[in-house]
Protein chains: 2
Amino acid sequence: MNLAEKVYRQLKEDIFDFRMLPGDRFSESEVAERMQASRTPVREALYRLERDGYVQVYFRNGWQVRPFDFRYFEELYDVRTLLECEVVRRLCMETDRAERLSGLVTIWCCKPSQRQVDPVDVAFLDEEFHFGLLECGENTQMEAIHKDVCERLRIIRRLDFYEPGRIQATYEEHSSILEAILSADSSRATRELTRHIEVSRNTVRDITVHRIQEARQRYTTDLSRK
Amino acid sequence: MNLAEKVYRQLKEDIFDFRMLPGDRFSESEVAERMQASRTPVREALYRLERDGYVQVYFRNGWQVRPFDFRYFEELYDVRTLLECEVVRRLCMETDRAERLSGLVTIWCCKPSQRQVDPVDVAFLDEEFHFGLLECGENTQMEAIHKDVCERLRIIRRLDFYEPGRIQATYEEHSSILEAILSADSSRATRELTRHIEVSRNTVRDITVHRIQEARQRYTTDLSRK
DNA sequence: GCTATATATCTTGTATACAAGTATGAATTC
DNA sequence: GAATTCATACTTGTATACAAGATATATAGC
């Protein structure tokens with residue numbers, strides 16, 4: 001693996017784990033030193049992260065971890081909903097949908113005793129559920145865009161599932177979405193899916209604001225400084 | 001403006017204008033020499049283009065202009081349709097939609113004598129029409145993704161509008177879409193819009209295949225070489 | 001004490017040198 | 001003649017040196 005690739009992943013992890021906080025300013029040499037690398041691969045990684053929307057560069061004046069913009073997250077949730085609903089609608093018209101969904105069904109339509117309980121595990125499974133839906137479709141571009149959108153949302157979504165009752169609710173919601181698709185009830189499926197994402201969106205927003213309230217000022221600082 | 005930025009734009013133009021053909025292999029130093037720059041900004045530009053999907057790098061083994069993949073274009077058209085229809089649906093529920101659409105209406109709902117006739121101009125206006133629709137919405141992320149998708153399609157869309165009658169048809173289609181939105185007829189608007197994009201997609205595909213038939217072998221070569 | 005200017009420091013932008021890996025082709029062996 | 005090995009040229013990956021520009025600090029002037 002490239003050094004640039006390593007630096008890219010490490011930086012992303014640092015941002016995701018809030019070791020680098022939204023709003024933080026930093027320089028290339030600073031990162032290079034920390035990562036034991038030269039500026040060249042660091043720059044390559046940073047420019048990738050910039051395109052991903054995590055950091056931004058100021059001309060000859062350093063870098064910044066992109067501050068949170070909740071409106072931006074809301075809109076991404078909209079796109080997510082749109083893409084997932086479209087795939088679900090198409091899926092309802094496929095005759096082999098039971099086959100395609102079988103993997104998800106065994107995970108989500110199981111007995112309560114077999115359910116995962118660790119928030120971290122469930123968060124991972126939840127992502128896999130939504131990715132799985134997209135994979136059932138046959139539109140790799142839609143899938144790629146969806147993955148991209150989810151990636152951008154991960155920084156706040158990972159704070160989810162610590163809310164009491166959220167895990168159980170997720171199981172219920174996912175299984176009823178799957179059932180609706182299996183019975184080709186397109187409108188019910190999309191309705192449930194939309195509601196599910198909506199709940200997740202609200203939960204995450206509340207949790208986020210609560211958990212990082214001490215740093216809220218920074219997190220919500222708008223981008224237009226100077 | 002950055003040198004890297006200049007190189008990026010120039011390379012993109014070269015690819016768009018088929019001075020660099022899909023499938024062409026090239027090296028960083030080759031580009032650097034042509035652009036009168038060092039490899040550093042060239043690399044920066046190339047990695048941006050890679051993320052954009054125009055080129056790809058082979059580990060220590062040069063670069064390649066990404067060959068055409070028509071299935072990939074088809075799928076992008078799907079995403080485009082999805083996004084535009086969603087915005088149109090929302091727009092139909094807005095009370096100030098006449099105001100928001102006024103700019104587009106004056107351009108597209110005009111007398112036949114006032115219409116543009118040059119394919120290049122119309123191609124530009126057509127893009128502006130679809131971008132304009134997205135701008136009428138209030139979802140900047142959707143707008144950004146749409147712009148991105150259209151950007152990727154531009155390399156083939158620009159071959160459009162040379163088909164006889166296509167320009168007139170575009171005017172008719174656009175104006176009836178606008179009328180449908182103005183009368184809040186959401187389903188008619190999306191139906192017309194979908195059909196319009198579908199026609200454009202088919203035309204472009206035919207033209208593309210026809211125009212570049214001598215290079216078709218190269219253009220359609222799949223990506224999985226070696 | 002305040003403002004303006006100049007300088008020093010720090011930042012990214014770019015060029016270049018070198019390291020590491022790949023593919024090609026010639027020489028060699030069978 | 002065919003297969004294999006080795007050397008060479010070429011490619012990207014990385015480090016470093018320097019240039020250009022921005023910011024902050026200190027100093028001079030009032």
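Within every chain, numbering begins at 1; the chains are lettered A, B, ... in the order of the sequence lines, protein sequences first and strands thereafter. In this text the structure is predicted, and so the values were computed from the model without any measurement.
- R48(B) places its CZ atom 12 Å from the P atom of dG13(C), with the value rounded to the nearest Å.
- Distance CG (L3(A)) to C1' (dA15(D)): 10 Å, rounded to an integer number of Å.
- The stretch residues 28-41 of chain B touches DNA chain D through E28(B), R39(B), each having a heavy atom within less than 4.0 Å of the strand.
- Rounded to 10 degrees, the angle separating the terminal axes of the helix from dG1(C)-dC30(D) to dC30(C)-dG1(D) is 10°, with each axis obtained from five end pairs.
- Rounded to a whole Å, the CZ atom of R43(B) is 15 Å from the C1' atom of dT16(D).
- S200(B) contributes no side-chain N or O that, together with a main-chain N or O of H196(B), makes up a donor-acceptor pair within less than 3.5 Å.
- Under 4.0 angstrom from either OP1 or OP2 of dA23(C) there lies at least one side-chain N or O belonging to N61(B).
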Sort me out a list of protein N/O and nucleotides 8-10 of chain C N/O pairs below 3.5 Å, or just none if empty.
none

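- Here the rule is ring pair (Phe, Tyr, Trp, His ring centres under 6.0 Å) with Y171(B), and of W108(B), F161(B), F129(B) only W108(B) fits it.
- Distance F26(A) CZ to dT11(C) P: 12 Å, rounded to the nearest Å.
- Taking atom CG of residue N2(B) and atom P of nucleotide dA19(D), one finds them 19 Å apart after rounding to whole Å.
- Just one residue in the list L178(B), I181(B), V88(B) forms a side-chain contact (heavy atoms from CB on, under 4.5 Å) with R97(B), and that residue is I181(B).
- Counting only heavy atoms from C-beta outward, the side chains of Y77(B) and I156(B) approach each other to under 4.5 Å.
- A search for side chain to side chain donor-acceptor pair (under 3.5 Å) contacts involving E127(B) returns nothing, not counting sequence neighbours.
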(request) Dump the intermediate steps for side chain to side chain donor-acceptor pair (under 3.5 Å) on Y58(A) and Q64(A), then the final yes or no. (result) CA-CA 8 Å; Y58(A) 294 97; Q64(A) 181 183 35; 2.6 Å; yes
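- The distance from atom CG of L46(A) to atom C1' of dG13(C) is 14 Å, rounded to the nearest whole Å.
- Atom CD in E5(A) sits roughly 11 Å away from atom P in dG13(D) (whole-Å rounding).
- Applying the 6.0 Å contact sphere to CD of E33(B) captures no more than 12 heavy atoms from other residues, nucleotides or ligands.
- At least one side-chain heavy atom of M142(A) sits under 4.5 Å from a side-chain heavy atom of R90(A).
- For Y47(A), the ring-ring contact (aromatic ring centres under 6.0 Å, His included) partners at least two apart in sequence or on another chain are W63(A).
- For the pair M1(A) CE and dG13(D) P, the interatomic distance rounds to 14 Å; values are reported in whole Å.
- For A32(A), the side chain to side chain contact (heavy atoms under 4.5 Å, CB included) partners two or more places apart in sequence, or in a different chain, are R39(A), V42(A).
- Residues L11(A) and M35(A) form a side-chain contact, since some pair of their non-hydrogen atoms from C-beta on lies under 4.5 Å apart.
- For Y47(A), no side-chain nitrogen or oxygen approaches OP1 or OP2 of dT12(C) to under 4.0 Å.
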